[in-house]
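First listed ligand is number 1; within each ligand, the first listed atom is number 1.
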Amino acid sequence: MLRLFVALPLPAEVKAQLAALSGGIPGAKWVPPENYHLTLRFIGEIEPWRAEEVDAALATIRAPRFELALAGVGTFEKGGRIQSLHVAAERSEALSRLQAKVETALQRVGLEPERRRFAPHVTLARTDRAETHKLVAFVQAHSLFRPPPVMVEHFTLYSSLLGKEAAHYVPEVEYELA
Ligand code: 3AM
């Protein structure tokens, strides 16, 4: 089985800017900078033959290049606890259209529809063991964080190998945008 997801990679300069935000919250598990990405669609465990179908479906997608703007820091919560910290991406027509095309392509090859609303973000840390007030202070301190916009020229099918510490993400296939 392969554990897969579709995401936008980020250029090294932006990764460096995100990495500079890391640290200073006891209990937070910071994502290693090489793992930063913006998930378009989590696929999960699938058999290799199905992965080939996924690849073929993603390869049919035609979409334009676009500018991606990251802006501000946010949290995802579950049961009243902050589970993760992220840098938010500004919604844009081009990003939403690309995500919709990925979703349609994956459903066409038989994957179950994604039920969760698309909330574009780059995860910085898993924080279920950190203190809430520290996380709130972090979000406030970085509310004006705004790296220069990024030109998105391709999207990527990643495989994910879960490790003891961080997961190891391998870019398997890149799909060019026009
Ligand atoms: O892009 P982020 O970091 O928010 O948390 C995982 C990561 O999200 C998420 O997929 C991305 C790449 O691994 N993920 C992991 N398991 C998941 C699941 N069962 C999941 N997303 C949805 N359902």
Side-chain angles (χ1 to χ4, degrees), residues 1-12 14-23 25 27-48 50-51 54-55 57-58 66 68-79 81-92 95-96 98-107 109-130 135 138-139 142 145 147 150 152 154-175:
M1 296 285 253
L2 295 164
R3 185 180 171 86
L4 301 177
F5 65 96
V6 181
L8 302 179
L10 298 170
V14 173
K15 287 185 182 172
Q17 292 198 31
L18 299 188
L21 299 176
S22 299
I25 304 178
K29 270 178 69 183
W30 298 92
V31 173
E34 66 270 19
N35 277 3
Y36 291 148
H37 63 271
L38 186 155
T39 300
L40 295 173
R41 173 60 139 89
F42 178 75
I43 296 175
E45 303 269 342
I46 58 171
E47 288 151 349
R50 228 189 201 328
V54 162
D55 170 36
L58 293 174
F66 63 96
L68 173 71
L70 299 176
V73 170
T75 62
F76 289 130
E77 297 180 23
K78 202 163 105 187
R81 272 201 82 74
I82 298 176
Q83 297 286 320
S84 62
L85 282 178
H86 61 258
V87 171
E90 284 188 347
R91 288 173 177 286
S92 70
L95 175 60
S96 299
L98 176 60
Q99 185 268 336
K101 283 181 180 176
V102 168
E103 181 62 31
T104 304
L106 295 179
Q107 287 183 25
V109 293
L111 269 67
E112 286 294 309
E114 172 62 71
R115 306 244 169 251
R116 297 184 306 180
R117 203 172 70 92
F118 180 50
H121 65 274
V122 180
T123 300
L124 290 177
R126 316 267 161 210
T127 57
D128 40 329
R129 293 184 175 186
L135 298 167
F138 181 91
V139 171
H142 298 294
F145 177 69
V150 176
V152 178
H154 61 264
F155 63 98
T156 304
L157 178 62
Y158 286 91
S159 63
S160 163
L161 302 168
L162 298 180
K164 254 198 189 145
E165 290 297 316
H168 181 55
Y169 298 148
V170 180
E172 299 286 351
V173 190
E174 289 183 352
Y175 307 92

Output a table of donor-acceptor pairs, distance under 3.5 Å, between side-chain atoms of residues 40-48 and any protein atom two or more places apart or on a different chain; print 'none' if there are none.
residue, atom, partner, partner atom, Å
R41, NE, E103, OE1, 2.6
R41, NH2, E103, OE2, 3.2
R41, NH2, E112, O, 2.8
E47, OE1, W49, NE1, 2.8

Give the table of side-chain donor-acceptor pairs shorter than 3.5 Å for residues 163-173, with sequence neighbours excluded, one pair per line with atom names and distance.
residue, atom, partner, partner atom, Å
E172, OE2, S159, OG, 2.6

Q | Derivation and outcome, side-chain contact (heavy atoms from CB on, under 4.5 Å), residues T39 and Y158 | A | CA-CA 10 Å; T39 300; Y158 286 91; over 6 Å; no
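R81 places no side-chain N or O within 3.5 Å of a backbone atom of T127 that could act as its donor or acceptor partner.
Taking a heavy-atom cut-off of under 4.0 Å, ligand 1 is surrounded by R3, F5, H37, T39, F42, R116, H121, T123, R126, Y169.
In this structure A100 satisfies the side chain to side chain contact (heavy atoms under 4.5 Å, CB included) test with no other residue, sequence neighbours excluded.
By the 6.0 Å contact criterion, CZ on R91 is enclosed, its count of non-hydrogen atoms from other residues, nucleotides or ligands being greater than 12.
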